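Structure record follows, encoded as C-alpha cells.
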Amino acid sequence: MSTPTEVPFQDGEHGKHRDRDSVHADHLPESTGPGERVAEHRAEQAAAQSQEDPSGILLPPSETETDLLAARVDGPDDHQGMTDLWRATMALPHWWFVAVGDQGQESPAAATIEGKLMLMTFTNSERARHFAVQNGMISATQDLTAIALPPQEVVESAGNYEVAGIDGLMFDPHLSGYFIPSAQLPVVWDAVHADSAPSPEG
C-alpha cells in the first residue's frame, strides 16, 4: 500500500521559501470539477479583521493542529509524522484559497516558489485572509474573496492541475509551509483513508 511518506517539505525548512514570485493566477484550470464549490466568504471577515492589535500590527493566526503536526515531522523519513499530518489536513472540512481575477471568473491564487507553480492553500479562512493582508493583496479593512473547497473535490481535480502546469499545493505558505505534489494528492488521499478505515474483523 502506498503511504504518504514521499511528500517533502520545501527545503526541509517549514515556512522558509526563497524565489517567490508575485502571486498570480496564470495557467489555472477554469473548473475544479462537477462538484466545484466556489463562493465569496465574508461571514468571518469581522472576526478576522480583529487580528490587528491596537497599534495596527497584524497579529499571526492562532496555532492549529496542522502547525503542531508539521513542526513534529522529523524529515522525509518520518513516515508516521507525515501520515499524521496528512490525515489531519485531509480531514479538514474545507481547503481555502485566496481568489484572484475578475468577479465571476475568480481562480485560486498561485505563486512560483523555487521554479515550481504552487496553489496557495490554507487550512482555514483566517489564514487565507492573513496571507492576503500580509502580502498586500488586500488592506486590513477590506473583505477577502475566498474559495472554499472540500479536500475530496481538490483531490479529484489533481489531473486537471497537472495538465494546467500546477506542480502542487503549498499549505499555509507563510506559516508552516508544507506541500504536496499534484500527482501525489490521490495517492496520499487513498493511503490516509485506507489507514483509517475500520478493519473487516472489527
Side-chain angles (χ1 to χ4, degrees), residues 3-20 23 41 43-53 57-99 108-111 113-114 116 118-138 140 144 146-155 167-182 184-185 187-189 191-193 195-196:
T3 56
T5 58
E6 301 301 317
V7 185
F9 287 94
Q10 192 79 9
D11 279 347
E13 296 181 70
H14 312 327
K16 298 179 181 178
H17 312 290
R18 301 182 305 278
D19 188 30
R20 176 183 293 164
V23 176
H41 292 268
E44 301 174 37
Q45 296 304 316
Q49 287 171 12
S50 68
Q51 294 175 100
E52 283 199 39
D53 71 10
I57 297 173
L58 185 68
L59 300 176
S62 302
E63 194 169 49
T64 64
E65 180 186 13
T66 54
D67 292 330
L68 297 173
L69 291 172
R72 290 175 189 159
V73 174
D74 187 20
D77 293 328
D78 183 0
H79 298 177
Q80 186 59 53
M82 283 289 190
T83 299
D84 292 343
L85 173 60
W86 287 112
R87 182 178 288 120
T89 300
M90 292 187 168
L92 294 169
H94 294 94
W95 290 347
W96 292 79
F97 305 87
V98 174
I113 302 175
E114 298 194 349
K116 294 187 180 298
M118 297 280 183
L119 287 184
M120 302 290 97
T121 311
F122 302 90
T123 52
N124 61 39
S125 60
E126 178 188 10
R127 286 162 176 248
R129 178 180 172 76
H130 184 270
F131 176 88
V133 173
Q134 189 179 71
N135 285 274
M137 301 171 73
I138 60 171
L144 172 68
I147 298 168
L149 296 171
Q152 185 170 1
E153 289 188 20
V154 180
V155 171
D167 294 295
L169 279 62
M170 177 75 71
F171 286 83
D172 297 334
H174 60 318
L175 299 167
S176 47
Y178 57 100
F179 77 90
I180 183 169
S182 297
Q184 287 293 309
L185 280 167
V187 176
V188 175
W189 176 269
V192 298
H193 285 85
D195 287 347
S196 61

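None of the values given here were measured: they were computed from a predicted structure.
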* Donor-acceptor pair, Arg129 side chain versus Ala140 backbone, under 3.5 Å? -> yes

* Atom pair OG1 (Thr123) and CD (Glu65), whose distance is rounded to the nearest 0.5 Å -> 10.5 Å

* Look at the rings of Phe122 and Phe131 and say which category their plane angle falls in: under 30° parallel, 30 to 60° tilted, over 60° perpendicular. => tilted

* Indicate yes or no: at least one non-hydrogen side-chain atom of Trp95 is less than 4.5 angstrom from one of Thr89. => yes

* To do: Please report the closest heavy-atom contact between Arg72 and Asp78, naming both atoms and the distance.
  => O-OD2, 3.6 Å

* Asked: Does any N or O in the side chain of Arg127 come within less than 3.5 Å of the main-chain N or O of Ser62, such that one atom is a donor and the other an acceptor?
  -> yes

* Asked: How close do Ala109 and Met137 get, heavy atom to heavy atom, and via which atoms?
  -> CB-CE, 4.2 Å

* To the nearest 0.5 Å, what is the distance between CZ (Phe171) and CE (Met120)? -> 10.5 Å

* **Val154 side chain reached by Phe97 side chain, heavy atoms, under 4.5 Å** => yes

* Between Pro151 and Pro93, what is the shortest heavy-atom contact and its length? -> CD-O, 3.6 Å

* To do: Verify, without hydrogens or angle tests, whether Trp96 (side chain) and Glu126 (backbone) share a donor-acceptor contact under 3.5 angstrom.
  => no

* Where do Ala128 and Val98 come nearest, in terms of heavy atoms and distance? -> O-CG2, 3.6 Å

* To do: Please report the C-alpha distance between Met90 and Ile180 in whole Å, then the side-chain angles of each, then the deciding distance to 0.1 Å, and finally whether the side chain to side chain contact (heavy atoms under 4.5 Å, CB included) criterion is met.
  => CA-CA 12 Å; Met90 292 187 168; Ile180 183 169; 4.2 Å; yes

* To do: Give, for atom CG of Leu119 and atom OG of Ser182, the distance between the pair rounded to the nearest 0.5 Å.
  => 7.0 Å

* Answer whether the closest heavy-atom distance between the side chains of Gln80 and Asp74 falls below 4.5 Å. => no

* Hey, could you give me the CG/NE2 distance between Asp172 and His174, rounded to the nearest 0.5 Å? => 6.5 Å

* To do: Return the minimal non-hydrogen interatomic distance between Leu69 and Ala88, and the atom names on each side.
  => CD1-CB, 3.5 Å

* To do: Output, in order, the C-alpha distance, side-chain angles, deciding distance and verdict of side chain to side chain contact (heavy atoms under 4.5 Å, CB included) for His130 and Asn124.
  => CA-CA 10 Å; His130 184 270; Asn124 61 39; over 6 Å; no

* If you take all heavy atoms of Phe179 and Met118, which pair is closest and at what distance? -> CD1-CE, 3.7 Å

* **Under 3.5 Å donor-acceptor, Thr66 side chain and Thr64 backbone** => no

